[in-house]
Structure formats: structure tokens, C-alpha cells
Amino acid sequence: MTSSGLPGFRDFYPEDFALRDHIVSGWREVARRYGFVEYDGPPLEPLELYTDKSGPEIVDQLYTFVDKGNRAIALRPEMTPTLARMVGARAQALPKPIKWFSIPQLFRYERPQRGRLREHFQLNMDIVGETDVMSDAELVAAAIDAVRHFGLDSEDFTARVSDRGLIGIVLQEVGVPKGRIVEAILALDKAERQGDEWLAARLTELGVDEAGVRSVVDVREHDLDGLTAHFAGSRDVAEAADRLRAFFALMSDHGLSAYVTFDPRLARGLAYYTGLVFELWEREGRLRAICGGGRYDDLLAAVGGPDLPALGFGMGDVVLGELLKEKGLVPERQTSVDDFVVYVTPAQRSAAIRVARRLRERGRGVAMDYRGRSVGRQFRAADQLGASRTIVIGPDEERDQTASVRDMATGEEKVVPLIGLIEGV
Ligand code: HAM
């Protein structure tokens with residue numbers, strides 16, 4: 001019987017690993033361009049870090065166990081609580097704003113399907129210690145660039161943006177009691193999958209009258225002015241809407257207006273968000289979100305740290321990888337072999353190993369045959385590995401301290417002094 005891995009977990013064969021590496025390296029590059037520094041935390045955390053703070057959806061998906069010291073443990077399903085704990089412990093000493101990024105592997109017991117697995121790698125970029133709307137805009141710009149970097153543009157994906165503060169005020173205005181606002185926001189998030197009727201029933205349950213239910217269910221994309229007009233009496237709505245307008249103006253300064261739309265139905269499924277929330281979606285919307293994030297100004301204090309505002313996002317490698325495959329944006333695999341050193345008879349093996357060593361010291365990727373097979377077979381092996389040069393050491397070359405070098409692309413061959421070959425690299 002051949003054994004198979006767990007459902008929802010991936011084996012990374014070299015071609016899969018090459019795509020993962022392409023994505024992770026691209027993310028690192030974008031994070032660097034925005035001035036973020038990298039950190040990491042442990043893959044296991046105390047269970048309670050998530051049970052209070054993340055919200056019911058993630059808690060249902062936790063991988064948990066009790067360790068030998070009788071502690072309740074969870075595999076990390078997201079990075080934000082770890083970040084809040086780590087920053088919280090050192091916050092006083094760190095200059096603000098703190099701009100950190102990480103690319104952890106995360107674990108969620110979800111039903112595996114296209115774009116959704118039980119493990120994934122997630123770029124997290126977070127800013128701590130800043131309230132200005134300029135930081136919100138820069139963070140969303142970074143998220144957009146972390147996708148554009150791979151060759152996708154505004155025809156391929158879009159950023160939906162809303163504000164939990166604004167949604168909260170609206171829900172309060174229509175009659176949701178203060179203590180149940182988070183519940184109503186999470187219901188709004190679920191309405192995406194459950195539909196309008198389900199949402200209407202949930203809002204009614206939360207004490208909203210028919211007119212109120214209609215005004216929530218009917219709000220539509222783009223319509224920030226319509227929403228403010230509808231709640232013209234509320235100063236809080238006007239203020240929250242002004243902040244969003246400032247955000248959209250800044251996105252225009254970033255040159256990214258084509259990517260962002262206001263979508264009051266976007267709420268996000270995590271409990272800790274307090275302000276701006278956003279998600280990046282493939283335009284056709286067939287996969288789950290590429291990325292999601294927002295402001296979470298109360299979380300640091302809630303995990304026992306100082307009261308510092310924060311915002312960030314998480315972007316998964318699974319959905320992005322699917323998109324890159326679909327759009328033909330996966331780069332051809334680069335071979336790691338530059339030179340293949342051929343030895344003509346076993347007598348030249350030592351000389352050939354010495355040449356290989358000098359080339360490797362110069363940074364070249366070098367492969368050799370282990371068994372002294374025929375020159376023809378060694379050339380075939382070089383070809384299969386995609387080597388750009390084949391360097392042949394035979395009895396004459398060994399005696400003359402030379403090598404015959406064949407350019408594998410052009411087939412051109414010449415004899416060169418060894419010293420020149422090595423120093424010319
Ligand atoms: P999230 O929306 O739960 O947010 O996840 C962010 C992204 O991770 C999703 O948009 C999706 O691309 C990817 N993702 C999540 N679960 C899976 C899965 N089971 N399979 C494949 N991909 C997945 C968070 O995790 C927040 N902690 C993000 C954040 C950081 N907020 C502030 N800072």
C-alpha cells in the first residue's frame with residue numbers, strides 16, 4: 001500500500017517548490033520596498049490566544065491538542081495574535097511606527113477545496129503605533145503591489161474596502177443594540193455566502209425593524225455618498241465617511257485608484273477589526289479572497305499589551321498560486337546547474353573534481369557524473385540538467401592544464417587554459 005499524506009496538506013515537489021519560492025521571494029521584495037522588516041514566531045501557541053480574540057469562525061477550525069505538560073495548545077491558524085503578543089512585550093522599546101512582515105505556514109481545519117487547504121503560507125504585513133489614514137492607504141497599496149508584482153493588474157483583481165467603524169455606526173443607527181454590534185458585523189460577513197434573506201432574518205433577530213433591515217440589505221457597492229445621505233442626521237456616519245474619502249484620495253496619490261472600490265457589504269470574518277477593512281478578490285470571484293486585512297486598534301491591549309493602534313493584512317499563497325497558474329504567469333523553472341564537468345577516463349576524475357571545486361567557490365552551480373560513464377552519456381546528463389556549459393577534462397587537457405568548453409546553446413567548442421576558465425567566471 002502506498003501511503004498518502006493528510007487531506008489538505010501539500011507535498012512540494014521541486015516544480016511546486018519553485019512556485020512557492022517565486023511567490024515568497026516576490027513578497028519579501030515588495031515588503032522591503034515598503035520598509036517592513038521580517039520576524040517570525042512559534043508555530044504552536046497557547047490555545048487561549050485564539051479562543052478569545054479571533055472570533056468563532058477560526059476557533060472552529062483550530063488544530064488543537066494537550067501537550068505532555070497538560071497545556072492546551074493550538075497550531076497557529078493566523079499570525080495576528082502572535083504579532084500582537086510579540087510587539088506588546090517590547091512595544092515601549094520599539095520606535096513607532098513598527099512595520100513588520102512575516103511569511104508563516106498556518107493551519108486551519110477547513111474543508112479542502114480549490115484555493116482552500118488545511119495549511120497555507122501567508123504574507124503578513126502589519127503596522128503598529130499609527131492612527132493616520134496615510135498608514136491605511138500605504139498598507140492597502142503594499143497589498144495591491146504584492147499581487148501586481150507577479151504580473152496581475154486591475155483587470156485581474158480588485159480591492160474591496162469598507163470600515164468597521166462606519167458599519168458599526170450604521171448598524172447602531174438601525175437599532176442593533178451596542179453589545180451585539182460585533183455579532184451583526186460577523187453576520188454581514190456571512191451574508192456573502194448565506195444570501196440577503198438570511199441576513200434579513202439575522203438582523204430581525206438582533207432587534208432591527210423592517211425599515212432598518214431594508215436600509216442595510218439594500219446598501220450597494222460604490223455608494224458612499226448614498227449611504228451618508230441616508231444617515232444624514234448622524235455626525236458619526238459623516239466623520240467615518242470622511243475618513244474613507246481621505247483614504248480613497250490617498251489611493252489616487254499612490255496611482256492605484258483603478259484597484260479600489262467602496263463596498264459596505266464587506267465586513268471580514270475576524271472579531272478584532274475596528275476600522276478600515278479590505279479584501280483583494282479576483283475579478284471573476286471564483287476563488288476565495290487573495291488577501292484580507294484591516295485595522296485592529298484594540299487587540300494589543302486585549303492580549304495584555306500596551307494600548308497601541310495597529311493594522312495589517314494576510315495574503316495566502318494558495319489562491320495567488322492558482323491565479324498565476326491560470327493566467328500563465330508561473331515562470332519557467334530556472335536550472336541550478338551552470339556547468340557540467342565531464343571527465344573522459346577515471347584517471348581525470350581527481351582533476352575534474354578540483355575544477356568543479358574552484359568553479360563552485362566562484363559561485364557556479366556545478367554537477368558531475370558519479371560513475372565515470374561514457375563521454376556521450378555525460379553530455380546527455382548535462383543536457384538533461386540544462387547546464388549552460390560542459391567542461392571536458394581528458395588526458396590532453398589534464399596534461400596541458402586546459403579544458404574543452406562547449407557552449408550548450410550554440411554548440412561552439414573551444415580549448416581554454418584552466419586558469420583563465422576559473423578566473424574568468
Ligand atoms: P484571513 O482573511 O483569515 O485573515 O486570511 C487571509 C488570507 O489567507 C485569505 O484571504 C486567504 O488568501 C488566505 N487563507 C486563509 N485561510 C486559508 C486556507 N484555509 N487555505 C488557503 N488560503 C487561506 C487573517 O488571517 C488575518 N490574520 C490577516 C491580518 C493580518 N489581519 C491583520 N493582520
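Note that the numbering runs from 1 along the sequence shown for the chain.
Among all heavy-atom pairs drawn from V319 and G115, the shortest one is CG2-O, 3.6 Å. Between H254 and A141, the closest heavy-atom pair is ND1-CB, 3.7 Å. Residues M125 and A142 approach most closely at CE-CB, 3.8 Å, considering heavy atoms. The two residues A146 and L320 make their nearest non-hydrogen contact at O-CD2, 4.5 Å. In plain terms, the two heavy atoms of D189 and G269 that are nearest each other are OD2-CA, 3.3 Å. Across every non-hydrogen atom of M134 and L250, the tightest pair is CA-CD1, 3.7 Å.
The pair K327-D153 fails the salt-bridge criterion, with no side-chain N (NZ, NE, NH1 or NH2) lying under 4.0 Å from an Asp/Glu carboxylate O. Residues E192 and R265 are not paired through a salt bridge, judged by the lack of any N-O separation under 4.0 Å between the basic side chain and the carboxylate. Ion pairing between R380 and D383 fails under the 4.0 Å rule for side-chain N and carboxylate O. A salt bridge does not link E130 to K99: none of the charged side-chain nitrogens sits closer than 4.0 Å to a carboxylate oxygen. Classification of E361 and R357 as a salt-bridged pair holds, one side-chain N sitting under 4.0 Å from a carboxylate O. Taking a cutoff of 4.0 Å between a charged side-chain nitrogen and a carboxylate oxygen, D242 and R235 do not qualify as a salt bridge. For R286 and E326, the salt-bridge test passes: some basic side-chain N is under 4.0 Å from an acidic carboxylate O.
When the options V260, D263, L311, L139 are evaluated for a side-chain contact (heavy atoms from CB on, under 4.5 Å) with F278, the one that passes is L139. Between V213 and the choices L203, V174, D218, L199, the side-chain contact (heavy atoms from CB on, under 4.5 Å) rule is met once, by L203.
A distance-only check finds a donor-acceptor pair linking the side chain of S388 to the backbone of D338 [under 3.5 Å]. A donor-acceptor pair is defined here as one N or O able to donate and one able to accept, closer than 3.5 Å; no such pair exists between the side chain of R114 and the backbone of E322. Without hydrogens or angle criteria, Y343 side chain to G372 main chain gives a donor-acceptor distance under 3.5 Å. T158 contributes a side-chain N or O that, together with a main-chain N or O of Y259, makes up a donor-acceptor pair within less than 3.5 Å. Between the side chain of E279 and the backbone N or O of R268 there is no donor-acceptor pair closer than 3.5 Å. Between the side chain of S162 and the backbone N or O of V277 there is no donor-acceptor pair closer than 3.5 Å. One N or O on the side chain of T274 and one on the backbone of D297 form a donor-acceptor pair closer than 3.5 Å. Under the 3.5 Å distance criterion, the side-chain polar atoms of D407 are matched with a main-chain donor or acceptor of A409.
Other residues, nucleotides and ligands contribute more than 12 heavy atoms inside 6.0 Å of the CZ atom of R33. When the shell of 6.0 Å around CZ of R364 is examined, it contains more than 12 heavy atoms from other residues, nucleotides or ligands. Annotation: E155, atom CD; neighbour count of heavy atoms from other residues, nucleotides and ligands within 6.0 Å does not exceed 12. In the displayed structure, E210 atom CD is contacted under 6.0 Å by at most 12 heavy atoms of other residues, nucleotides or ligands. Within 6.0 Å of CD on E197 lie no more than 12 heavy atoms contributed by other residues, nucleotides or ligands. Heavy atoms from other residues, nucleotides or ligands lying under 6.0 Å from CZ of R349 number 12 at most. Heavy atoms from other residues, nucleotides or ligands lying under 6.0 Å from CZ of R193 number more than 12. Counting heavy-atom neighbours within 6.0 Å of F12 CZ, excluding the residue itself, gives a total above 12.
In this structure, the separation between CG on L62 and CD on E45 is 11.5 Å, given to the nearest 0.5 Å. How far CD1 of I144 is from NE2 of H149: 15.5 Å, rounded to the nearest 0.5 Å. Here Q105 contributes atom CD and F121 contributes atom CZ; the two are 3.5 Å apart, rounded to the nearest 0.5 Å. In this structure, CG in L44 is found 9.0 Å from CG in D67, a value given to the nearest 0.5 Å. Separation of atoms CG (D145) and CD (E138) is listed at 10.0 Å; rounding is to 0.5 Å. Interatomic distance, D307 CG to L299 CG, rounded to the nearest 0.5 Å: 11.0 Å.
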Q) What's the verdict on side chain to side chain contact (heavy atoms under 4.5 Å, CB included) for R111 and R116, showing C-alpha distance, side-chain angles and the deciding distance? A) CA-CA 8 Å; R111 197 164 62 76; R116 194 181 290 242; 6.0 Å; no
Q: Start with the C-alpha gap between R10 and D317, add the side-chain angles, then the distance that decides, and say whether salt bridge (charged side-chain N to carboxylate O under 4.0 Å, His left out) holds.
A: CA-CA 12 Å; R10 289 170 291 177; D317 68 327; 3.0 Å; yes
Q: Evaluate the side chain to side chain contact (heavy atoms under 4.5 Å, CB included) criterion for residues L244 and L224: first the C-alpha distance (whole Å), next the side-chain angles of each, then the deciding distance (0.1 Å), finally the verdict.
A: CA-CA 9 Å; L244 266 177; L224 187 55; 4.0 Å; yes
Q | Test side chain to side chain contact (heavy atoms under 4.5 Å, CB included) applied to I169 and E173, step by step | A | CA-CA 6 Å; I169 299 160; E173 293 276 331; 4.2 Å; yes
Q. Between I181 and Q172, does a side chain to side chain contact (heavy atoms under 4.5 Å, CB included) hold up when you go through it step by step?
A. CA-CA 7 Å; I181 294 289; Q172 228 171 298; 4.1 Å; yes
Q) Step by step, would you call E239 with R243 a salt bridge (charged side-chain N to carboxylate O under 4.0 Å, His left out)? A) CA-CA 6 Å; E239 265 174 33; R243 194 173 200 282; over 6 Å; no
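Counting only heavy atoms from C-beta outward, the side chains of Q61 and P77 never approach each other to under 4.5 Å. For the pair L308 and K96, the minimum side-chain heavy-atom distance is below 4.5 Å. Side-chain contact between L280 and V147: present, with at least one pair of heavy atoms (C-beta onward) separated by less than 4.5 Å. Here the side chains of L324 and I23 are in contact, with some heavy-atom distance below 4.5 Å. Taking the side chain as every heavy atom from C-beta outward, V237 and L166 approach each other to under 4.5 Å. Taking 4.5 Å as the limit, every side-chain heavy atom of D223 sits out of range of all side-chain heavy atoms of P264. Using a 4.5 Å heavy-atom cutoff, the side chains of P46 and R71 are not in contact. Side-chain contact between D60 and Y109 is absent, with no heavy-atom pair separated by less than 4.5 Å.
Between Y296 and Y273, the ring planes lie perpendicular to each other; the angle is over 60°, past the 30° to 60° tilted range. In this structure, F248 and F262 have perpendicular ring planes: the angle between them is above 60°, well past the 30° mark.
Under the 3.5 Å distance criterion, with hydrogens and angles disregarded, a donor-acceptor pair is assigned to the side chains of R295 and S135.
For the pair R118 and F107, the cation-pi test (distance below 6.0 Å, angle within 45°) is failed.
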